[in-house]
Amino acid sequence: MLGSTVLEVAIGLTFCYGTVALIVSTLQEALAAAFRLRANTLLAGVKSMLNDSRFDGLARAVYQHPLVNPHADGTHPSERDMRTRPSYIEPAHFAIALVDSLWKVPGDFAQLGNAIETIPDPQVRQVMRGLYGRARDLQQFQDMLAGWFDNAMARMSGAYKRRQLLISLLLALLLAILFNIDSIHLFRTLWQQPALAAHLHDAPGALDPAVFDAMMALPIGWTRFPPVANADFALQVAGWIVTASTALFGAPFWFDLMQRVVRMRSTGTRPEETPLALRVEGRIAATPAP
């Protein structure tokens, strides 16, 4: 009985946490698309890398290159506004665009050094000068530029992921408050009434009405609003925080865990095995005498 209760509680909790994480990730993707967070983060990284905060120098020239920012209508990016920006730039394409922005009339590789000396920013000029001095030819120089771009974007990607984790936490906390998804109350209720999670069998593949119906069958939601500010409310806030923190693990983690627990429930309790010595003695005793 105890093992069955533990499994039902685990299934109910993991389903709830997985659904919350799935809703949060869906909202997060919608926000990222609406506010163009990836494109803006990439632009900020290129501007920081090339020290072009006003976006009127090398960074803008790179973004006007057709390899970096192509347009389906065939017009040159300089003829349009710069509101259409890519969310990803191939490192090799960035290197070619940067070289083309400096080297207006390609010729002998030795002449590229003169173009590098015209870069107004001393830090960028020093970096480009160092890479140029170590390159044997144009291809190696472009490979070095691509590596430089990769390293810079790796740092920006880390900052973007940390920002997204904070957004996930805030969205999950908002969701927990709106629907009163209190982990402590949920655990207590499922422990006392494990049958509430008995109908949960499969992890959802996407958000649909059935997911929300299954979630609402769990002990969540408001019964009295606004809540009274007392010791129970403090415990309720702690439950919200616990729920919000679980969204950081992601929906795949919780649904995979749920499927494992469901398989354990469907398998049932394993019969106790008889010790080897007793089984051997039993076989000997059952063997007829010659």
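Values below: every heavy atom of this structure, side chains too, minus hydrogens, waters and symmetry copies.
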Do [X] and [Y] have side-chain heavy atoms sitting under 4.5 Å apart?
| X | Y | answer |
| --- | --- | --- |
| Trp191 | Glu8 | no |
| Val46 | Phe149 | yes |
| Leu22 | Phe255 | yes |
| Ile184 | Gln236 | no |
| Asn69 | Gln64 | no |

Walk me through it: do Leu27 and Ile23 pass the test side chain to side chain contact (heavy atoms under 4.5 Å, CB included)? CA-CA 6 Å; Leu27 292 176; Ile23 296 174; 4.1 Å; yes
Do any N or O atoms from the side chain of [X] and from the backbone of [Y] form a donor-acceptor pair under 3.5 angstrom?
| X | Y | answer |
| --- | --- | --- |
| Gln28 | Gln164 | yes |
| Ser48 | Gly45 | no |
| Asp150 | Pro91 | no |
| Asp52 | Gly57 | yes |
| Thr243 | Ile181 | yes |
| Ser157 | Met153 | no |
| Trp254 | Thr246 | yes |
| Arg36 | Ala32 | no |
| Thr14 | Ala10 | yes |
| Asp121 | Val124 | yes |

If hydrophobic clusters are built by linking Ile, Leu, Val, Met, Phe, Trp and Tyr wherever their side-chain heavy atoms come under 4.5 Å apart, do [X] and [Y] end up in the same one?
| X | Y | value |
| --- | --- | --- |
| Leu178 | Leu31 | yes |
| Phe15 | Phe179 | yes |
| Leu165 | Leu171 | no |
| Leu67 | Leu145 | no |
| Val20 | Leu248 | no |

Is it true that the side chains of Gln139 and Asp143 contain a donor and an acceptor less than 3.5 Å apart? yes
Are a donor atom and an acceptor atom from the side chains of Gln123 and Asn51 found within less than 3.5 Å of each other? yes
Nearest 0.5 angstrom please: [X] [atom1] to [Y] [atom2], how far?
| X | Y | atom1 | atom2 | result |
| --- | --- | --- | --- | --- |
| Leu186 | Ile220 | CG | CD1 | 7.5 Å |
| Leu37 | Leu42 | CG | CG | 12.5 Å |
| Trp240 | His185 | CH2 | NE2 | 12.5 Å |
| Asn40 | Phe35 | CG | CZ | 10.5 Å |
| Met128 | Leu58 | CE | CG | 7.0 Å |
| Met144 | Gln140 | CE | CD | 4.0 Å |

Partners of [X] by ring pair (Phe, Tyr, Trp, His ring centres under 6.0 Å), sequence neighbours excluded?
| X | value |
| --- | --- |
| Trp103 | none |
| Phe109 | Tyr132 |
| Tyr160 | none |

Ignoring hydrogens, what is the shortest heavy-atom contact between [X] and [Y]? Give both atom names and the distance.
| X | Y | value |
| --- | --- | --- |
| Ala251 | Ala21 | N-CB, 3.4 Å |
| Gly221 | Asn180 | O-ND2, 2.9 Å |
| Leu190 | Leu13 | CD1-N, 4.0 Å |
| Ala95 | Ala146 | CB-N, 4.0 Å |

With salt bridge (Lys or Arg N to Asp or Glu O under 4.0 Å) as the test, would you mind laying out the steps for Asp256 and Arg260 before giving the verdict? CA-CA 6 Å; Asp256 179 67; Arg260 293 173 184 268; 3.1 Å; yes
Phe55 vs Tyr63, ring pair (Phe, Tyr, Trp, His ring centres under 6.0 Å): CA-CA, chis, key distance, verdict: CA-CA 10 Å; Phe55 199 49; Tyr63 264 70; 5.7 Å; yes
Test side chain to side chain contact (heavy atoms under 4.5 Å, CB included) applied to His65 and Leu98, step by step: CA-CA 9 Å; His65 197 282; Leu98 183 57; over 6 Å; no
In terms of heavy-atom contacts, does CZ of Arg125 have more than 12 from other residues, nucleotides or ligands at under 6.0 Å? yes
Take atom CZ in Phe233; do more than 12 heavy atoms of anything else shown fall under 6.0 Å from it? yes
Phe94 and Met49: CA distance, side-chain angles, deciding distance, side chain to side chain contact (heavy atoms under 4.5 Å, CB included) verdict: CA-CA 12 Å; Phe94 171 84; Met49 177 183 174; 3.6 Å; yes
